[in-house]
Each structure stands twice: as C-alpha cells, then as structure tokens.
2 protein chains.
Amino acid sequence: MPTVSTEDYLKQIRKLQEGAARVSTSALAASLGIADASVTAMLKKLAGQGLVSYQPYQGVTLTEKGEAFALRTLRRHRLWELFLVRHLGFSWDRIHEEAERLEHATSEALEAALDRALGFPRLDPHGDPIPSHDGRIEECTGAALTALPTGALARVRRVADGDPELLRHAGRLGVVPEASLEVRERFGFDGSLRVRVGGRDRFLSAEVARHVFVDLLEARDG
Amino acid sequence: MPTVSTEDYLKQIRKLQEGAARVSTSALAASLGIADASVTAMLKKLAGQGLVSYQPYQGVTLTEKGEAFALRTLRRHRLWELFLVRHLGFSWDRIHEEAERLEHATSEALEAALDRALGFPRLDPHGDPIPSHDGRIEECTGAALTALPTGALARVRRVADGDPELLRHAGRLGVVPEASLEVRERFGFDGSLRVRVGGRDRFLSAEVARHVFVDLLEARDG
DNA sequence: GCATCGTTTTAGCCTTGGCTAAAAATATCT
DNA sequence: AGATATTTTTAGCCAAGGCTAAAACGATGC
Ligand SMILES: [Mn+2]
Ligand SMILES: [Mn+2]
Ligand SMILES: [Mn+2]
Ligand SMILES: [Mn+2]
C-alpha cells in the first residue's frame, strides 16, 4: 500500500513527465514545495520499491507500476472533484484541495461507488479526463483560446485548474466546459479578447485565455 | 491541526471513558491494537498539547479541548457512515472502515456539505447519535432487547456497531433502527428469542439480542 | 510488613518523511 | 580548456509514531 506521500510524488512526477521525458529533482521539489535534498532521499525509496526509475543526476521516470499508481490516484482525485460538485454543491474552484486529501482515503470499493453514482463519467469539472479503472487516460485535446481567430465559434473543452482565482473568475463569466463561445474581437497589443458566451459579451485577459482550451466549431470572418 | 493518530486516540479515549472516569494505558493500548509503551509515549505528547490530562500510573481523561476534538471526529465519522449508506449504496456493515479513514480527510466545509446533503441528521445508520457541530451529543437511550418480556412491542433504536458480521446478520433479518418488533417467545436456557419483525418470525440468539437496543412501545402478555 | 505479581514506564531502537548546510557533480561561459 | 555557476547529492539533524526488553511502580496476598 503506498503512503500519502508516495501517492502525491507519483502523481506529480506523472504530471511533470508530460512534455519532458525525465523529471529533474529540482522541478519535482519545487512543484511539491519540498526541499531538493528531501526529494533525492524519497526518489531512492521509490526506486527501491520499483515505482520509478532513478539514476543520480539524471532525473526520474515512472515505471509501469509507478504510472499505474499515479493514474489510480488521479482517477480518485478527479472522481472526487466531480462528486463534490455534482452531489455536494461545491464550486469548481474549491474542490482541488478537498480531493487532494480524499484521494488518499479511497478504497477500491469507494472508488467504484463514486464512479457508479456519477454514471461512469469521462471528464472532471475542469474538463480533464478521468483515467479508467484499468489505467487508460484520454489525451487532452483542444487548442488554447488565444490561438483562435476573430469570428471563430468554439466549444470550451477544458479550463486549466492551477489557480482557484482564475477558475472562480472564469466560472462567473460562464467560461466552463461545454459552453459555446464566439471570438468577437482580439486585442493584439495585450492578447486579450472579447467573446460572446452565455448570451453576453465578456472580456478575457490573455492570462485567462491562455488557460482555456477549446474545440473549434467553425472559423468565419467577423 | 491534529494528526490522524491524535484523532483516533482522542476518539478512542472518549469511547472508553463512557462508564469509567479514567482510562488506563493498557485498556487504550489494547483497544487501539498498539503496544502499551507506545501509548504511554503518545499520552505524554497529547498531555503536552493540552488534549488530555495524564498522570503517570493514573490513566487519562480528556480535557475540554480534547473532548471537542474527539466529538468533531466522531461527528465526521458518523456523517460519512450515513452518507455512504444513503448516497453511495453501501451496506451498514461495510461503512465503518471507510469512515475510519474519511473522518480524517474532512474539512469544515466538507463536514457542513455532508450535513446539509443529509438534511442535518441526528442518527447514523447504526442508530448512534451524531454530535452537533457545536459539540453536543445525545445520550444513547434504549434497553437491550434481552431485557424485554414476552409479548412486548418495541421499536429498534440502535444496533451495536462492533462486529460487521453481526450487523450483516441483523440487517438480513430486518432488525435495523426504526423497525418495529414484537417478542413472541423467550428461551430462558440460552437467552435467545423469537420475534416478529418485518412480517416474519425470526430467531435471535442472545448474542444478537444483547447488541440490539429498543424503545419499549407496549408491554402486554403473549 | 514484606514478597510477589501485574501494570506501567523507561530505555533504546526503528522507519517515514521532512529540514539545512556543505560537498560533489554537471553545465555554461569565456 | 578552465573557471564559474547551477544542480544534485551527501551528511547530519529532527519529530512523529511505532516496536521490544528491562526496570520501576503499585496492588495483593500471606
Ligand atoms: Mn493528495
Ligand atoms: Mn480537476
Ligand atoms: Mn480513524
Ligand atoms: Mn456507526
């Protein structure tokens, strides 16, 4: 049985591994808020358990076993996030820290019960894919909203879940997964946008637009 | 913030304190499944935090602060138990170990959300009282089923939650809180009973009857 | 009143997962 | 290449929460 720390390390390594093949000690330490030296020590333990492949000075990668545990924790995390929103009335900017704890207190049976109660969902409230029970996970598709031309029609697919304040802001504007929007105007000098969403015109800063990912429905001139 | 161990110790001390004023090191150790020496060490730490009053060789009692934490954990435990039954389809004999972990992963906000989703319940699935948010808890009333005379009509108030097998058995017989029953026959030699419950006659061993607590509705001759 | 017995504490050890400061390895720049 | 800067590891420390074995305490019995 992995510990809470083990689960959080593996989950974080997996996240950092997207894009870069090897994860550096310092990157992992910074993202976990833990001292570099402590991470070095932990990586040796994880390697000893066959959860990561670690060579001194060369960073880490997850083994198959490590990735399976990482995905199991991520699945529980995202099931809880959706459950908190749908069944307990939480707003999507308050669920991350709750799920961060609940994911470690979730048995196989509870995971299955959550999944069933939610109708075997494929996406969490932020639009991120929920890994399947047997460890498959869909790719995150969708282009950043910043990439859309004026006049484009698109559907929001996902909003990056890193910053609760950004989530609360986007949520108030109606920029949530499944929402349709149209790019009305682009301000090149600062990268901000005016979009039509939920029957209203909204201004989105570049900072917000960078964190919103969409599927293009139609590109037309404005 | 108390740790998981702290919460479990305080909860257990409170439980053992019912009936006996002071709780002995060995009783606590035995009930937690931890070595006596480890408990001695932990009690010193808890005393240092003002959570228990501890004098060497004299056992412990909870302080006001300690009792407040104990009741908070117990509240979360019982809210989760009820939630698992009502909203996640668990049976009442499988909820204890789940709640034993979830109780420690529950924020103030989550506690409140559970309470609301359940309609501010007063009893858990076993009929045990749920402490209020401000730390009040009702007494466990009700007489043991073994004490009822033949012909008595009663309503089940509570079933002792110590043994999952007993719970599963009682559940299958329909002996659950709120169920009405009538004592049809008493077998003095072994203390077992025949009762009418849920439209059927059921035999209850003394072992089961000892763990079922009822409110007497009417005592009449059979 | 003193020896014995069970309970409790002390002593010494362990693992987990943190920390800081210093040393070593790697990367970068001239 | 050599000097310097950055990254990573090592060394040594700590607190929490366990363990066993031995010593001390307190209750009991004679
Ligand atoms: Mn976590
Ligand atoms: Mn999410
Ligand atoms: Mn617990
Ligand atoms: Mn209960």
Rounded to whole angstrom units, what separation is found between the OH atom of B/Tyr54 and the P atom of C/dT7?
-> 16 Å
Using ring-ring contact (aromatic ring centres under 6.0 Å, His included) as the criterion, list what pairs up with A/Trp92, not counting sequence neighbours.
-> A/His126
Short side-chain N/O contact from B/Ser5 to OP1 or OP2 of D/dG18, under 4.0 Å = yes
Within less than 4.0 Å of OP1 or OP2 of D/dA16, is there a side-chain N or O belonging to B/Thr3?
-> no
Check whether any side-chain N or O of B/Thr25 sits under 4.0 Å from OP1 or OP2 of C/dT7, and answer yes or no.
-> no
Under the ring-ring contact (aromatic ring centres under 6.0 Å, His included) test, which residues partner A/His169, sequence neighbours left out?
-> none
At a cut-off of 3.5 Å, list every protein nitrogen or oxygen paired with a nitrogen or oxygen from nucleotides 22-28 of chain D, distance to 0.1 Å.
residue	atom	partner	partner atom	Å
D/dC25	O4'	B/Tyr57	OH	3.4

Below 3.5 Å, can you tabulate the donor-acceptor pairs from side chains in residues 16-24 of chain B to any protein atom, sequence neighbours excluded?
residue	atom	partner	partner atom	Å
B/Gln17	OE1	B/Leu62	N	2.9
B/Arg22	NH1	B/Gln58	O	3.1
B/Ser24	OG	B/Ser26	OG	3.4
B/Ser24	OG	B/Ala27	N	3.1

Separation of A/Glu7 atom CD from C/dG17 atom C1', in whole Å?
-> 15 Å
Would the number of heavy atoms belonging to other residues, nucleotides or ligands and lying under 6.0 Å from CZ of B/Arg94 be above 12?
-> no
Residues that B/Glu103 engages under salt bridge (Lys or Arg N to Asp or Glu O under 4.0 Å), provided they are two or more places apart | B/Lys11
Which pairs count as salt bridge (charged side-chain N to carboxylate O under 4.0 Å, His left out) when at least one residue sits in residues 59-74 of chain B, sequence neighbours excluded?
-> B/Glu7-B/Arg72
What residue pairs, at least two apart or across chains, pass salt bridge (charged side-chain N to carboxylate O under 4.0 Å, His left out) with a residue in residues 84-93 of chain B?
-> B/Asp93-B/Arg168
Scan for ring-ring contact (aromatic ring centres under 6.0 Å, His included) pairs involving residues 24-57 of chain A, sequence neighbours excluded, and state none if there are none.
-> none
Check the side chains of A/His104 and A/Asp8 for a donor-acceptor pair under 3.5 angstrom, ignoring hydrogens and angles.
-> yes
Pull out every residue in residues 34-53 of chain B that has a heavy atom closer than 4.0 Å to any atom of DNA chain D, ordered by number, or say none.
-> B/Ile34, B/Ala35, B/Ala37, B/Ser38, B/Met42, B/Lys45
Can you check whether B/Tyr9 has a side-chain N or O nearer than 4.0 Å to OP1 or OP2 of D/dA16?
-> no
Partners of A/Asp128 by salt bridge (Lys or Arg N to Asp or Glu O under 4.0 Å), sequence neighbours excluded?
-> A/Arg158
Rounding to the nearest 10°, end axes of the helix from C/dG1-D/dC30 to C/dT30-D/dA1 built from five pairs each make an angle of 10°
Grab the CD-C1' distance between A/Gln55 and D/dT9 for me, whole Å please.
-> 15 Å
Sorted by chain and residue number, the salt bridge (Lys or Arg N to Asp or Glu O under 4.0 Å) partners of A/Asp115 (sequence neighbours excluded) come out as A/Arg75
Rounded distance in Å - CZ (A/Arg22) to P (C/dA27) | 12 Å
